[in-house]
2 protein chains.
Amino acid sequence: MEKYYSKIKNSPLFCGITDEELTRMLKCFGGYIKKYEDGDMIIRQGETISKIYLILDGEVNVEKETYWGRRIIIQKLYANNNIGLALVASKNIEANINALCVGHALVLVLNYDKCSTMCKNACNHHSVLISNLFKILSKENIELIEKIENISQKTIRDKLLTYLSNESQKHRTNVFEIQFNRQELADYLNIDRSAMSFELSKLKSEGLINYKKNKFVLKISL
Amino acid sequence: MEKYYSKIKNSPLFCGITDEELTRMLKCFGGYIKKYEDGDMIIRQGETISKIYLILDGEVNVEKETYWGRRIIIQKLYANNNIGLALVASKNIEANINALCVGHALVLVLNYDKCSTMCKNACNHHSVLISNLFKILSKENIELIEKIENISQKTIRDKLLTYLSNESQKHRTNVFEIQFNRQELADYLNIDRSAMSFELSKLKSEGLINYKKNKFVLKISL
DNA sequence: TTCCTTTTGTTGTAATTACAACAGAAATGT
DNA sequence: ACATTTCTGTTGTAATTACAACAAAAGGAA
């Protein structure tokens, strides 16, 4: 555990918390590190979640399966992100998503339930933590709305241009690498992969964008 | 202001806070009540938000306009809901949505910036408040994912059935009233209103649903 | 290298949707 | 009650998409 201290300390979750506090908190939370392999379900739809998951390393897809069997990718998470954080706030809520490990991943697991009852007033670092939780959820909230913007566009072309434009703004440059492969991007934008590939080609031939694998250049601005 | 105390006190935002604390907090926050009329913009895309808005009465649409001029309805808010809460957490973030008043609305406005700097440690009720903020954002987060599920369906029919099914579950009965009129529902599900009306008729004629105006009966379960 | 697997691109066709234009119903104001 | 406006439903057509089937490219393992 000790070798991950610096990684943990620099996460948004523990931002503003000293080393000694961190040690106490990890104990208080019953924190442990768990390894996941490709395809492992970290959170499964229907479960009740009382743990905070902090990704230390690796990649996690937050997904949903429709009633008709299609996959929806909600978001992709990496180191420093939390998985299903919104689910721990209310005890009686069932997870509405699946969280799947992509490749190998290393996750710090904290028993939020335990801490929130044990040391609500005792530990003063608890207020720092909950303030961090608020900030993290705010950011996620804004990202979910961005995703809604992306998938709310009418045509495949508009979805792609909006998505690429948003990515470009996030990277603060018109040359950037996207996090999804083609199938994942299609499942994120809720469109057919082959139709999306076709539209990407068209956008390239029209000179609006350029790309090679996951490296994209956006030559226009919305 | 005093006549709204009970309303304010019973909101999730001030849950667990005593009357005397509330009085002090409203002062500390520089709280005031603002009236909005139909079509008024409460939050405008691009603004920086440092105030907490609590709806005391009325109806507010959270919307976005696409680059191509179409309206996207993100969510509909009512009394006890907060508007753009995720935007106050980080000072340097611009609002990514518009919040529009539908009809008349009464909103309590709190200067979060002022409070968070002035009484971070001084007031102990601050920790209760921020814990409430976390819970509120969690709920909103889960609702945004539900919206993503609704609009991620492939066909108009699937969107309608998923939406109605989710509404039915929320109301815990298969007979319920929806919050949107037809045009709003279409803008929420990102589909054409007339095509949606046509599909609703078809679902009714097939016996899967029944409806009259905004009262719906879902006769199947997904 | 070669073989095999995975990922990405291309094309034709059937299904679905947006859009426009209009008709009917319901709500609103006078 | 009446006129007027807003909301909802219906229909035909052009545009867009999903899907299947396949081709090409990239990546890995022997």
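Chain identifiers are assigned alphabetically (A, B, ...) following the order of the sequence lines, protein sequences preceding nucleic acid strands; residue numbering begins at 1 within each chain.
Whole-Å rounding puts the B/Q153 CD to D/dT17 C1' distance at 16 Å. If you take CG of A/D187 and P of D/dC19, they are 11 Å apart, rounded to a whole angstrom. As a whole-Å value, the separation of B/L160 CG from D/dT8 C1' is 14 Å. Counting to the nearest Å, the C1' atom of D/dT17 and the CD1 atom of A/I151 are 16 Å from each other. Taking atom CD of residue A/Q183 and atom C1' of nucleotide C/dT8, one finds them 10 Å apart after rounding to whole Å.
For A/F14, the ring-ring contact (aromatic ring centres under 6.0 Å, His included) criterion is met by no residue, not counting sequence neighbours. Residues passing the side-chain hydrogen bond (donor to acceptor under 3.5 Å, both in side chains) test with A/D19, sequence neighbours excluded: A/K9. Judged as a side-chain contact (heavy atoms from CB on, under 4.5 Å), and not counting sequence neighbours, the contacts of A/K219 are A/N210, A/V217. Residues passing the ring-ring contact (aromatic ring centres under 6.0 Å, His included) test with B/Y67: none are found, sequence neighbours excluded.
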Let me check something: any side-chain donor-acceptor pairs from residues 32-45 of chain B under 3.5 Å, sequence neighbours excluded? List them with distances.
| unit_1 | atom_1 | unit_2 | atom_2 | d |
| --- | --- | --- | --- | --- |
| B/E37 | OE1 | B/H104 | ND1 | 2.5 |
| B/D38 | OD1 | B/G103 | N | 2.7 |
| B/D40 | OD2 | B/E37 | N | 2.7 |

Side chains of residues 71-90 of chain A: which donor-acceptor pairs under 3.5 Å do they make with residues two or more places apart or in other chains?
| unit_1 | atom_1 | unit_2 | atom_2 | d |
| --- | --- | --- | --- | --- |
| A/R71 | NE | A/D187 | OD2 | 2.7 |
| A/R71 | NH1 | A/E63 | OE2 | 3.1 |
| A/R71 | NH2 | A/D187 | OD2 | 2.7 |
| A/K76 | NZ | A/E59 | OE2 | 2.4 |
| A/K76 | NZ | A/N61 | OD1 | 3.0 |
| A/K76 | NZ | A/E184 | OE1 | 3.3 |
| A/K76 | NZ | A/E184 | OE2 | 3.0 |
| A/N81 | OD1 | A/Y78 | N | 2.9 |
| A/N82 | ND2 | A/Y53 | O | 3.2 |

Only distances under 3.5 Å count here; give the side-chain donor-acceptor pairs of residues 197-206 of chain B to other protein atoms, sequence neighbours excluded, each with its distance to 0.1 Å.
| unit_1 | atom_1 | unit_2 | atom_2 | d |
| --- | --- | --- | --- | --- |
| B/E199 | OE2 | B/R157 | NE | 3.1 |
| B/S201 | OG | B/S197 | O | 3.1 |
| B/K204 | NZ | B/Y211 | O | 3.2 |
| B/S205 | OG | B/K202 | O | 2.9 |
| B/E206 | OE1 | B/R157 | NH1 | 3.3 |
| B/E206 | OE1 | B/R157 | NH2 | 2.9 |
| B/E206 | OE2 | B/R157 | NH2 | 2.8 |

Result block: side-chain N/O donor-acceptor pairs under 3.5 angstrom for residues 139-146 of chain A, not counting sequence neighbours:
| unit_1 | atom_1 | unit_2 | atom_2 | d |
| --- | --- | --- | --- | --- |
| A/E146 | OE2 | A/K170 | NZ | 3.3 |

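Looking at residues 189-205 of chain B, you'll see B/R193, B/S194, B/S197, B/F198, B/S201 sit with a heavy atom under 4.0 Å from some atom of DNA chain D.
Within the structure, the ring pair (Phe, Tyr, Trp, His ring centres under 6.0 Å) test picks out the following pairs touching residues 132-178 of chain A (sequence neighbours left out): A/Y163-A/Y188, A/H171-A/F176.
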Expected rows: protein N/O vs nucleotides 25-30 of chain C N/O, under 3.5 Å:
none

Polar atom pairs between nucleotides 14-16 of chain C and protein, under 3.5 Å, N or O only, would you list them?
none

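Contact annotation: the side chain of B/K91 never approaches that of B/T48 to less than 4.5 Å [non-hydrogen atoms, C-beta and beyond]. At a threshold of 4.5 Å between non-hydrogen side-chain atoms, the residues A/K51 and A/L110 do not count as touching.
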